[in-house]
Amino acid sequence: MEPAGHQCQCTGGLCGSQHSDTGLRCLHTTAHGRLLVAPADLTLSTTAAAAVPVEELRAWCASCHVKARNRQLAAAREREQQGADEPLSLF
């Protein structure tokens, strides 16, 4: 939490909120409750997330974490779906 200043590191749109009234950064801190530590890529499996180097971890409040994860998973599904919709080329 020290590198994050004990503050959620969600910024400008990761969770869907621009946090525009707070200088583009979520204001939740450890003083407001618990923060989670997770990688920036929230689509990683539990095993892959455990292998992420400490320098690549972020502090997340529960609200931003859930919303950012849902947005990242939806974007990943969209990319997969777009790739699947393209017909296979024979030539």
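Please read all numbers here as calculations on a predicted model, not as lab measurements. Sequential numbering from 1 along the given sequence is applied to the chain's residues.
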Evaluate side-chain contact (heavy atoms from CB on, under 4.5 Å) for L14 paired with R58, printing each intermediate quantity in order. CA-CA 12 Å; L14 294 175; R58 291 176 170 253; 3.7 Å; yes
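If you take CG on L36 and CG on L42, they are separated by 10.0 Å, rounding to the nearest 0.5 Å. Here NE2 of H19 is found 9.0 Å from NE2 of H28. Values are rounded to the nearest 0.5 Å. In this structure, CG on L35 lies 11.5 Å from NE2 on H65, to the nearest 0.5 angstrom. Here the CZ-CG distance, from R69 to D41, works out to 10.5 Å after rounding to the nearest 0.5 Å.
Formation of a donor-acceptor pair under 3.5 Å by the E80 side chain with backbone atoms of A75 is not found in this model.
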Return a table of donor-acceptor pairs under 3.5 angstrom between the side chains of residues 4-11 and protein atoms on other chains or two or more places apart.
| residue | atom | partner | partner atom | Å |
| --- | --- | --- | --- | --- |
| Q7 | NE2 | C26 | O | 2.7 |
| Q9 | OE1 | A59 | N | 2.8 |

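Closest non-hydrogen pair, L44 versus A49, comes out as CB-N, 4.1 Å.
Between M1 and V37, the closest side-chain pair of non-hydrogen atoms falls below 4.5 Å.
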